[in-house]
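In what follows, a single structure is set out as structure tokens and then discussed.
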Amino acid sequence: MKTLDQAKYQGRDFLTFQDYTQEELLYFIEVGRALKAEKKAGIPHPHLAGKTLGMIFTKSSTRTRVSFEVGMWQLGGHALFLSNRDIQLGRGETVGDTARTLSRMVDGVMIRTYSHDEVLELAEYCSVPVINGLTDLHHPCQVLGDLMTVQEYKGRIAGLKMTFIGDGGNNMAHSLLYATKLGMRVTIASPPGYQPLAEVVATAEAYAEENGGSVTIVDDPLEGAAGADVLYTDVWASMGMEEEAAKRQRDFAGYQINGETLKAAAPDSIVLHCLPAHRGEEITDEVLDGPHSVVFEEAENRLHIEKAIMALLM
Ligand code: CP
Ligand code: NVA
């Protein structure tokens, strides 16, 4: 079992890449890969024996719920699924009171919800680590797992061009922009009116400057895809935007990863999608099921990276 260098991480939150240095982010990936190798070799790694994770969900989930729950079990601990529909938070108990109560019973809290500010508030009141399992603004666990996948398939992260095609204002685009902290060249191709938040772009530009990456925002998907090593897309209407779905279908027409996009990208490009996918909208079946796609390895890596995050923080 790999000995983990937990001292620097213990007790910290994982809310966005802003909380960690480049070196620290790379160490999560190193631990994720080591835990993956141990799992495949049948080597047990009970780093969290006797510990419990509370998981608050206000939105649906397949990968996030299963990866944290199974991951916690594989680490020797226990995870508790707390649907917002069932706990008192959903009936108006304050975030602060919920945080202070949970902190006395569990060793870490993972939350998936709408408002990023609510997660910041939870972290402020929790005395145990809080992990962001997706807000409207960010999805950092997903991107950390994605960068692990990039490292596995490309042998490196820094210097590669990653192009996201779709809603530049969503959680995935925002968190992918912070891959500049690891020296990536990140391009976002979105329709007018769906650009990333200016403050996220400014932060990403500062990371790029410091670490040799770059930030490019375009509205032409093929221009964005040109020479890309990694192509990325996500649904046109995220959770909570169901009412805008019809308008978005019109606004996002053409913002798709398809055979043409692959031709514009590097010949050995890989295709990522956080999933769930709307096949035939943001990505074709041909690409999702084709030889460039590594989306199910990417999904599996959520398990290994969540384990690395929990083992180091908790
Ligand atoms: N990618 C991701 O977070 O998937 P779920 O919504 O299924 O958790
Ligand atoms: N942008 C998507 C990501 C799902 C993992 C959503 O928020 O619904």
Side-chain angles (χ1 to χ4, degrees), residues 14-17 32 53 55-72 79 81-84 110-119 131-150 162 164-179 188-191 194-197 200 230-245 247-249 251-252 255-257 271-279 281-283 288 293-310:
F14 188 83
L15 306 181
T16 75
F17 276 23
L53 176 78
M55 310 189 298
I56 303 175
F57 281 93
T58 307
K59 286 174 172 172
S60 303
S61 172
T62 299
R63 282 143 287 266
T64 304
R65 176 179 175 181
V66 176
S67 59
F68 275 98
E69 194 164 330
V70 171
M72 198 59 196
F81 176 68
L82 305 168
S83 161
N84 189 59
M110 193 283 300
I111 177 164
R112 162 168 291 198
T113 191
Y114 294 90
S115 155
H116 194 76
D117 285 343
E118 186 179 326
V119 175
I131 300 168
N132 177 4
L134 178 148
T135 62
D136 288 343
L137 208 57
H138 278 291
H139 197 3
C141 296
Q142 177 70 49
V143 173
L144 199 57
D146 296 341
L147 296 178
M148 172 174 159
T149 310
V150 168
M162 175 162 65
F164 174 88
I165 297 175
D167 181 4
N170 81 8
N171 38 27
M172 283 312 310
H174 285 154
S175 288
L176 287 167
L177 276 166
Y178 289 171
I188 306 287
S190 322
Y194 294 96
Q195 259 88 37
L197 282 179
V200 174
V230 181
L231 288 171
Y232 206 114
T233 191
D234 183 16
V235 292
W236 293 338
S238 288
M239 289 181 277
M241 292 173 178
E242 289 75 12
E243 279 172 19
E244 290 178 29
K247 175 174 173 6
R248 282 171 174 262
Q249 294 245 346
D251 292 350
F252 282 91
Y255 287 81
Q256 183 188 63
I257 298 187
V271 174
L272 299 179
H273 189 313
C274 54
L275 302 176
H278 281 191
R279 288 168 174 265
E281 291 186 7
E282 76 275 5
I283 190 164
L288 196 68
S293 167
V294 295
V295 300
F296 294 106
E297 193 75 24
E298 177 189 9
E300 178 191 322
N301 282 341
R302 289 294 303 281
L303 170 66
H304 309 298
I305 209 72
E306 319 307 22
K307 285 169 71 179
I309 295 169
M310 292 188 289

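Note that the structure is a prediction, hence the values are computed from the model and not measured. Indexing begins at 1, ligand by ligand and atom by atom, following the structure's order. Throughout, residue positions are numbered sequentially from 1 according to the sequence presented.
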To the nearest 0.5 Å, how far apart are NE2 in His139 and OG1 in Thr16? 14.0 Å
In terms of residue, atom name and distance, what is the protein heavy atom nearest to atom 8 (O) of ligand 1? Ser61 OG, 2.6 Å
I'd like to check which ligand 1 atoms, numbered from 1 as shown, lie under 4.0 Å from a non-hydrogen atom of Arg63. 1 (N), 2 (C), 4 (O), 5 (P), 7 (O), 8 (O)
How far is atom 2 (C) of ligand 1 from the closest protein heavy atom, and which atom is that? Arg302 NH1, 3.4 Å
Interatomic spacing from CG in Asn132 to CZ in Phe17 - rounded to 0.5 Å: 11.0 Å
Leu134 side, atom CG; Gln142 side, atom CD - distance, nearest 0.5 Å: 9.0 Å
His304 pairs by side-chain hydrogen bond (donor to acceptor under 3.5 Å, both in side chains) with which of Glu300, Lys307, Arg302? Glu300
Protein contact of atom 7 (O) of ligand 1 - nearest heavy atom, named by residue and atom, plus distance: Thr62 N, 2.7 Å
Check contact between Leu134 and ligand 1, using heavy atoms of the residue and a distance below 4.0 angstrom. no
Work out which heavy atom in Ser293 is nearest to a heavy atom in Leu288; give both atom names and the distance. OG-O, 2.8 Å
Heavy-atom nearest neighbour in the protein, as seen from atom 4 (C) of ligand 2, with distance rounded to 0.1 Å: Leu134 CD1, 3.9 Å
Heavy atoms only: give me the nearest Ser175-Pro140 pair and the separation to one decimal. OG-N, 3.7 Å
Which residue and non-hydrogen atom of the protein lie closest to atom 5 (C) of ligand 2, and at what distance in Å? Leu275 O, 3.6 Å
Do any nitrogen or oxygen atoms of Ser238 lie less than 3.5 angstrom from nitrogen or oxygen atoms of ligand 2? yes
Short list, please: which atoms of ligand 1 are under 4.0 Å from a heavy atom of Leu275? 1 (N), 2 (C), 4 (O)
As an exercise, state the distance from CG of Asp136 to NZ of Lys59, rounded to the nearest 0.5 Å. 4.0 Å
Nearest-neighbour protein heavy atom for atom 8 (O) of ligand 2, which is reported as residue plus atom name and distance: Met239 N, 2.8 Å
Can you find a non-hydrogen atom of Asp136 under 4.0 Å from ligand 2? no
Going by the angle between their ring planes, with limits at 30° and 60°, are Trp236 and Phe252 parallel, tilted or perpendicular? parallel
Shortest non-hydrogen separation from Cys141 to Ile305 and the atoms involved: O-CG2, 3.8 Å
for atom 7 (O) of ligand 2, nearest protein heavy atom and its distance come out as Asn171 ND2, 2.9 Å
Looking at Val235 and Pro276, what are the two nearest heavy atoms and their distance? CG1-O, 3.4 Å
Does Lys59 have a heavy atom less than 4.0 Å from any atom of ligand 1? no
Of the listed options (His139, Arg65, His273, Arg112), which comes nearest to atom 6 (O) of ligand 1 when hydrogens are ignored and any heavy atom counts? Arg112
Could you walk me through whether Glu306 and Ser67 pass the side chain to side chain donor-acceptor pair (under 3.5 Å) check? CA-CA 7 Å; Glu306 319 307 22; Ser67 59; 3.1 Å; yes
Subset of ligand 2 atoms that lie under 4.0 Å from at least one heavy atom of Asn170: 1 (N)
of all protein heavy atoms, closest to atom 3 (C) of ligand 2 is Asp234 OD2, 3.6 Å
Part of Asp167 within contact of ligand 2 (heavy atoms, under 4.0 Å): neither
Near Cys274 (heavy-atom distance under 4.0 Å), the atoms of ligand 1 are 1 (N)
So, His278 versus Glu282: side-chain donor-acceptor pair below 3.5 Å or not? no
Closer than 4.0 Å to some heavy atom of Gln142 - which atoms of ligand 1 meet that? 1 (N), 2 (C), 3 (O)
